[in-house]
Amino acid sequence: MNRDDAQRVLSGAGRTSAQGTASLWARDWIVLVLTCTAQFMCVLDDTIVNVALPSIQAHLGVSDVALPWVVNGYLVTFGGLLLLGGRAADLFVRRNVFLTGLAVFGAASLGCGLAASPTMLILARVLQGAGAALMSSAALTILSVTFTGAERSRAFGVWGALSGTAGVLGMLLGGTLTTWLSWRWVFLINVPIVLAVAALSPRAIPAERTGQRRPLDMPGAITGTGGIALLIFTVVNAEQAGWASPATLGCLAGVVALLMLFVLVEARHRVPLLPLHVFRRRNVTGGVVCGILLASAMLALFFFLTLYLQQVLGYSAFQTGLAYLPMSGMVILVAGSMAPRFVSRFGRRPLLAAGFTLLSTSLVWFAQIDVDTHYFPDLFVPALIAGAGLGATLVGVVITMMQALRSEDEAGLASGLVSATQQLGGALGVAFLSAVAFAQVDVDAAETPNTVYDSATALTEGFQHAFYTASGLTLAGIAVALLVTTSTTTHRR
């Protein structure tokens, strides 16, 4: 072979290598689009149904007692099965777990949209939450093992941005679909998206297993899933039943018993669902606590700010969704672009501390509301600050957890923990801060028995107390970020 022939061979090999690299890069980013789309649907279905509840009640004749379970049925199975879904992605073929969850979620969404009775709707919502748990956990696992280095941080940034905005946009989209089409489209909109993701996933996502096949820890799955699901059920049901009611106290006793049994099972099992030794890693423990504090504060912010806009300022559901758009835009900007660069340069711990600081600032600002507050600038500016804080903290929590459990055999465990802490923290935060807010409303009513009761003023004062308390949770988040987590920078490949 002469020199010219050799150069042609090397040139051809170089082009082949470059084409292969470009093809691999394109496939990786298709995986990002597919997994983030799936996560967006999971989070969206947390909130999109809220605006449609009055229409659902009127058309299906849902009783006042059953109506909350159109929302809670989804939350209980979604939150309860996340850890199991993540571990299943570690033990079996990730793509198969993802597609199974996608199929269950899509079929249940169709069932919700076609429901002819309250029972059918609630059962379909329960099934939809189960599918979402498998799909969400497997999706984050796939994302974690697909990307490395700085690209992984950017991918987690996109994941965090969409997760942070999906819940907010659910309000706007739910109002729009219910107003212009029907409440059924709140669920049916998922179906074509599920079909598109299902069609593209088999070619884009490789059918890889994380090593030799191992048995699923069924005793741990039953006790752990049962304990988490029962805890979420107890929290969301306590608002109606009362925290001191026999039903609530009995459920709490059941939660304690199941979780204690879960710990005993995990300490003895050869391949546990949740290896307890991972909590010796500071970033796992710190990430879990930060995730719970973040979800508690921010879901409570969405909850009380929505009530304030609609019940005090008189906004419609559509106007409320529009009011959240600046916050959503800031979440996308910070989580999708700025936070990953910040992590690459300074590390995780400063990002977490900065994000919680911004959140605390915004919550104290929101606590200054009154019955005459104007959107510009009294709500607009703190909404931007809250969006920046949420975007930064979401990315910080995800990166901290996923890099603390970065081996392929632990990626599903990490994704399950990330998502489970968000669901559990949100349920606990809304329940706790609701008690704070409405206790103040009751105090105001009791102190003015012989005067005209100003409900708007009383609600506003209750919301103020909730915002201040949520700010305290974010201050605790700063302390955990600085004192518990460690920070190392991620370098470009």
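When reading the values below, keep in mind they use all heavy atoms of this one structure, side chains included, and skip hydrogens, waters and symmetry mates.
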Measure the shortest side-chain to side-chain distance between [X] and [Y] over non-hydrogen atoms and say whether it is less than 4.5 angstrom.
{"X": "Ser109", "Y": "Val194", "value": "no"}
{"X": "Leu143", "Y": "Met402", "value": "no"}
{"X": "Leu333", "Y": "Met338", "value": "yes"}
{"X": "Val418", "Y": "Gln422", "value": "yes"}
{"X": "Val288", "Y": "Thr285", "value": "no"}
{"X": "Arg349", "Y": "Leu482", "value": "yes"}
{"X": "Leu53", "Y": "Val71", "value": "yes"}
{"X": "Met327", "Y": "Leu384", "value": "no"}

Going by distance alone, is a donor N or O of one side chain under 3.5 Å from an acceptor N or O of the other, for [X] and [Y]?
{"X": "Arg152", "Y": "Gln403", "result": "no"}
{"X": "Thr460", "Y": "Thr457", "result": "no"}
{"X": "Thr486", "Y": "Asn283", "result": "yes"}
{"X": "Asp45", "Y": "Gln128", "result": "yes"}
{"X": "Tyr324", "Y": "Thr306", "result": "yes"}

First locate atom [atom1] of [X], then atom [atom2] of [Y], and finally report the distance between them rounded to the nearest 0.5 Å.
{"X": "Leu352", "Y": "Thr393", "atom1": "CG", "atom2": "OG1", "result": "6.5 Å"}
{"X": "Ser471", "Y": "Trp365", "atom1": "OG", "atom2": "CH2", "result": "14.0 Å"}
{"X": "Leu433", "Y": "Ser296", "atom1": "CG", "atom2": "OG", "result": "7.5 Å"}
{"X": "Phe98", "Y": "Ile142", "atom1": "CZ", "atom2": "CD1", "result": "6.0 Å"}
{"X": "Leu424", "Y": "Leu83", "atom1": "CG", "atom2": "CG", "result": "11.0 Å"}
{"X": "Leu274", "Y": "Leu417", "atom1": "CG", "atom2": "CG", "result": "6.0 Å"}

Please check this pair: side chain of [X] against backbone of [Y], looking for a donor-acceptor N/O pair closer than 3.5 Å.
{"X": "Thr373", "Y": "Ile369", "answer": "no"}
{"X": "Ser137", "Y": "Leu82", "answer": "yes"}
{"X": "Ser63", "Y": "Ala66", "answer": "yes"}
{"X": "Ser245", "Y": "Gly242", "answer": "yes"}
{"X": "Arg282", "Y": "Val484", "answer": "yes"}
{"X": "Tyr375", "Y": "Ala323", "answer": "yes"}
{"X": "Ser362", "Y": "Leu359", "answer": "yes"}
{"X": "Tyr315", "Y": "Leu307", "answer": "no"}
{"X": "Gln423", "Y": "Ser419", "answer": "no"}

Over all heavy atoms of both residues, which pair between [X] and [Y] is shortest? Give the atoms and the distance, please.
{"X": "Gly286", "Y": "Val480", "value": "O-CG1, 3.9 Å"}
{"X": "Cys290", "Y": "Ala481", "value": "SG-N, 4.1 Å"}
{"X": "Pro377", "Y": "Pro382", "value": "O-CD, 3.8 Å"}
{"X": "Ala353", "Y": "Ile478", "value": "O-CG1, 4.1 Å"}
{"X": "Ala88", "Y": "Val97", "value": "O-CG2, 3.8 Å"}
{"X": "Ile332", "Y": "Ala161", "value": "CA-CB, 3.8 Å"}

Side chain to side chain donor-acceptor pair (under 3.5 Å) evaluation trace for Ser360 with Thr357: CA-CA 5 Å; Ser360 183; Thr357 300; over 6 Å; no
Phe40-Trp159 aromatic ring centre distance below 6.0 Å: no
Parallel, tilted or perpendicular, as decided by the 30° and 60° cut-offs, for the rings of Trp183 and Phe187: perpendicular
Whether Phe463 and Phe304 hold their rings parallel, tilted or perpendicular, with breakpoints at 30° and 60°: tilted
Side chain to side chain contact (heavy atoms under 4.5 Å, CB included) assessment of Phe147 paired with Phe156: CA-CA 9 Å; Phe147 294 90; Phe156 287 158; over 6 Å; no
Test log, rule ring pair (Phe, Tyr, Trp, His ring centres under 6.0 Å), inputs Trp69 and Phe233: CA-CA 10 Å; Trp69 287 100; Phe233 170 86; 5.1 Å; yes
Intermediate values then yes/no, side chain to side chain contact (heavy atoms under 4.5 Å, CB included), Phe356 and Leu294: CA-CA 8 Å; Phe356 274 121; Leu294 170 64; 4.2 Å; yes
Full working for side chain to side chain contact (heavy atoms under 4.5 Å, CB included) between Arg87 and Thr141: CA-CA 10 Å; Arg87 204 56 176 149; Thr141 307; over 6 Å; no
Verdict with supporting geometry, Met41 and Ile189, side chain to side chain contact (heavy atoms under 4.5 Å, CB included): CA-CA 10 Å; Met41 287 191 294; Ile189 192 175; over 6 Å; no
Test side chain to side chain donor-acceptor pair (under 3.5 Å) applied to Thr485 and Thr400, step by step: CA-CA 8 Å; Thr485 65; Thr400 297; 5.9 Å; no
